[in-house]
Amino acid sequence: MDVRRRQHPAAGERIKAQKLSPTGAGAADSSQALLPPISLCLTNAVFFGVFFSVAYFLLHRWREKIRTSTPLYAVTASETAAIVSLVASAVYLLGFFGIASRTSFPDDLSDDEILARDDSRSPGPCPAAIDAAVTVTAPSPPPPRKIIDVAPIQLSIEDEETVNSVVSGSIPSYSLESRLGDCRRAAAIRHEAVQRITGKSLEGLPLEGFDYDSILGQCCEMPIGFVQIPVGVAGPLLLDGKEYTVPMATTEGCLVASTNRGCKAIHASGGASSVLLRDGMTRAPVVRFQTAKRAAQLKFYLEDPLNFDSLSVVFNKSSRFARLQSIQPAIAGKNLYIRFRCSTGDAMGMNMVSKGVQNVLDFLQNDFPDMEVIGISGNFCSDKKAAAVNWIEGRGKSVVCEAIIKEEVVNKVLKTSVEALVELNMLKNLTGSAVAGALGGFNAHASNIVSAIYIATGQDPAQNVESSHCITMMEAVNDGKDLHVSVTMPSVEVGTVGGGTQLASQSACLNLLGVKGASKESPGANARQLATIVAGSVLAGELSLMSAIAAGQLVKSHMKYNRSSRDISKIVS
């Protein structure tokens with residue numbers, strides 16, 4: 001049964017000759033048999049319809065899986081049926097129009113005759129179907145999509161079942177790591193589950209390329225990926241006779257460039273110098289008594305120098321590096337707030353000091369059994385909040401950094417004058433901040449530099465609040481020719497071990513500064529050095545921004561480096 005016999009005139013002439021020949025008995029019947037019945041056309045149409053419908057369905061599902069990062073090999077029952085239908089219809093159509101067409105010609109025809117017949121054939125009874133079969137040979141791939149560093153998430157059938165369990169609520173999302181024993185796999189399953197639960201795409205949020213084992217139990221819970229923040233470098237910063245290339249993680253244009261210009265001005269003037277004034281992390285629990293008199297008795301007990309030594313022994317047992325420095329109690333009615341300060345080595349030290357405080361509270365409970373511990377932190381510390389106690393007493397590392405910028409450097413590099421900078425600093429950083437009632441904010445933009453360095457080096461970004469406490473001073477020296485500039489920062493809270501400092505990217509940035517890990521020669525030296533680098537970088541940033549404002553360059557530079565050059569009006573229209 002070959003449709004193409006109806007498509008060749010030469011074949012039709014042979015059929016007629018067979019009808020007229022004496023030996024052509026039954027030829028008429030055979031010629032009728034060559035005519036395709038209506039049922040055959042219907043069968044072909046059905047298979048064509050099945051082929052294209054399931055091909056469209058599978059293409060649609062393919063694109064949907066790529067969009068949602070679902071592995072292509074994870075198929076549902078409907079997709080399995082569609083694949084089987086696609087293969088079956090393709091086999092039928094290839095067998096009917098491919099193999100059959102090459103074997104339908106009589107054996108006595110030469111190759112030239114066959115080629116001639118192929119060239120002169122006319123459309124058969126189902127031309128549209130035949131043409132479609134010739135032109136469409138395989139499903140076309142979907143158009144390329146813009147993907148930002150996101151590889152498709154490959155989920156096994158078992159993982160697909162786990163995703164469904166998380167979506168249904170039968171498996172808590174937070175328990176995936178402990179259940180699976182594979183942090184990367186848990187993040188991938190949670191990533192997919194979040195998309196299905198919310199109905200929102202996470203395209204653009206990278207999953208691959210991160211060590212999820214490194215954050216388990218210490219940096220982040222229930223991860224679904226990681227956020228990319230560009231890291232630039234400013235410098236070299238010449239500080240205390242050493243040069244530092246300072247990494248800064250930020251999405252604000254001009255920030256790195258401005259800090260870099262400040263570093264250039266400092267370097268050209270002989271460098272900056274720093275002094276570490278104090279080093280001690282604090283924690284202040286709140287306890288309560290039945291009467292204010294009883295609370296006052298504990299206050300007097302803590303202030304007695306004779307009791308401090310015994311409390312220090314109890315406190316210092318919590319760590320090899322924790323050393324109690326002072327205890328500062330403050331009473332409010334029958335409530336007592338006890339501010340402990342201790343050194344913490346190269347760690348930022350919040351966990352270390354909290355552990356020591358708990359030991360002391362347990363010890364005090366023996367002599368003050370009526371003492372009720374309300375909280376391990378009563379905000380007299382004060383952590384991640386702008387507070388006068390940090391501004392006055394300090395928290396973490398207290399640092400002052402200074403430099404003398406030569407007159408020619410102010411003119412050529414900073415494009416302004418010493419007189420203009422001194423006046424602007426007085427009216428902006430000092431008077432203006434006082435008018436605003438600022439608390440520790442007597443500066444131009446210290447938090448910009450602090451945040452950028454903190455993110456790059458794995459510090460706690462939230463501690464930018466008190467770590468950015470800074471007063472910037474500028475004064476004309478050397479008969480008014482040169483500029484003395486300084487920043488005083490009483491609560492720079494940094495560490496080089498623990499927390500985010502052990503992550504690969506952040507560890508690399510610490511290594512760039514030469515302060516990675518703990519100092520073996522002098523415990524705490526790396527963290528103290530990092531604090532001075534932060535202060536020196538703030539000094540550079542303050543110097544450059546103030547110069548840009550004094551020279552009227554702030555808006556112009558931000559329009560050049562911190563704004564898109566695209567015509568927004570055209571985009572909107």
Side-chain angles (χ1 to χ4, degrees), residues 60-76 79 142 144-231 247 249-252 350-351 384 451-452 454-464 498-509:
H60 178 74
R61 290 296 300 154
W62 183 16
R63 297 186 64 178
E64 183 67 18
K65 285 186 176 185
I66 293 176
R67 186 183 68 82
T68 59
S69 299
T70 302
L72 298 180
Y73 58 80
V75 294
T76 62
E79 293 170 348
R145 300 184 300 114
K146 185 178 181 181
I147 300 177
I148 307 176
D149 294 332
V150 180
I153 301 176
Q154 300 297 326
L155 296 179
S156 63
I157 296 177
E158 181 182 356
D159 289 345
E160 188 71 26
E161 294 175 353
T162 306
V163 170
N164 294 332
S165 298
V166 173
V167 172
S168 65
S170 58
I171 294 181
S173 177
Y174 62 81
S175 68
L176 287 174
E177 280 78 7
S178 59
R179 283 175 174 266
L180 302 175
D182 186 336
C183 294
R184 189 274 172 214
R185 183 181 167 201
I189 291 174
R190 187 180 294 112
H191 183 283
E192 178 62 23
V194 168
Q195 290 189 120
R196 298 186 188 182
I197 292 172
T198 63
K200 307 295 184 181
S201 173
L202 289 176
E203 180 180 356
L205 180 65
L207 181 67
E208 299 295 341
F210 189 83
D211 182 9
Y212 294 94
D213 291 326
S214 65
I215 64 173
L216 181 63
Q218 54 184 336
C219 288
C220 180
E221 298 75 43
M222 297 191 290
I224 59 172
F226 61 97
V227 174
Q228 299 163 310
I229 301 178
V231 178
T250 182
T251 56
E252 179 182 351
M350 286 296 299
N351 293 334
K384 300 180 176 71
S451 295
Y454 272 27
I455 295 173
T457 58
Q459 311 303 313
D460 188 341
Q463 289 185 323
N464 163 70
T501 64
Q502 42 104 35
L503 300 179
S505 300
Q506 290 82 342
S507 180
C509 291

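Proximity of a side-chain donor or acceptor of Gln463 to a complementary backbone N or O of Asp460 within less than 3.5 Å is not detected. Between the Glu192 side chain and the Arg190 main chain, no donor and acceptor come within less than 3.5 Å of each other. For Ser165 (side chain) and Ile171 (main-chain N/O), no donor-acceptor pair under 3.5 Å exists by modelled atom type.
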What verdict does the side chain to side chain contact (heavy atoms under 4.5 Å, CB included) test give for Thr162 and Leu176, after you've listed the backbone C-alpha separation in whole Å, the side-chain angles of each residue and the deciding distance to 0.1 Å? CA-CA 9 Å; Thr162 306; Leu176 287 174; 3.9 Å; yes

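Within the model, atoms OG1 of Thr457 and CG of Leu503 stand 11.5 Å from one another, a figure rounded to the nearest 0.5 Å. Atom CG of Asp211 and atom OG of Ser505 lie 10.5 Å apart (nearest 0.5 Å). For the atom pair OG (Ser156) and CD1 (Ile189), the distance works out to 7.0 Å, reported to the nearest 0.5 Å. Here the straight-line distance linking atom CZ of Phe210 with atom CD of Gln228 works out to 11.5 Å at 0.5 Å rounding. Rounding to the nearest 0.5 Å gives a distance of 4.5 Å between CD1 of Ile229 and CD1 of Ile455.
The shortest distance between side-chain heavy atoms of Val231 and Thr250 does not fall below 4.5 Å. Residues Glu221 and Ile215 form no side-chain contact, since every pair of their non-hydrogen atoms from C-beta on lies 4.5 Å or further apart. Side-chain contact between Val166 and Val194 is absent, with no heavy-atom pair separated by less than 4.5 Å. Looking at Thr501 and Ser507, their side chains never come closer than 4.5 Å, going by heavy atoms from C-beta outward.
Annotation for Ser214 and Gln502: closest pair O-NE2, 3.1 Å, computed over non-hydrogen atoms. Of all the heavy atoms in Leu205 and Phe226, the pair that sits closest is CD1-O, 3.5 Å. Nearest heavy-atom pair, Ile224 versus Leu202, reported as atom, atom and distance to 0.1 Å: CD1-CD1, 3.9 Å. Residue Tyr212 comes nearest to Gly225 through the heavy atom pair OH-CA, 3.4 Å, listed as atom of the first residue, atom of the second, then distance. In terms of heavy atoms, Gly499 sits closest to Cys219 at O-SG, 3.5 Å. The minimum heavy-atom distance between Ser175 and Ser178, with the atom names listed, is O-OG, 2.9 Å.
The pair Arg196-Glu160 meets the salt-bridge criterion, with a side-chain N (NZ, NE, NH1 or NH2) lying under 4.0 Å from an Asp/Glu carboxylate O. Ion pairing between a basic and an acidic side chain is recognised when a charged N comes within 4.0 Å of a carboxylate O; Glu177 and Arg185 show no such pairing.
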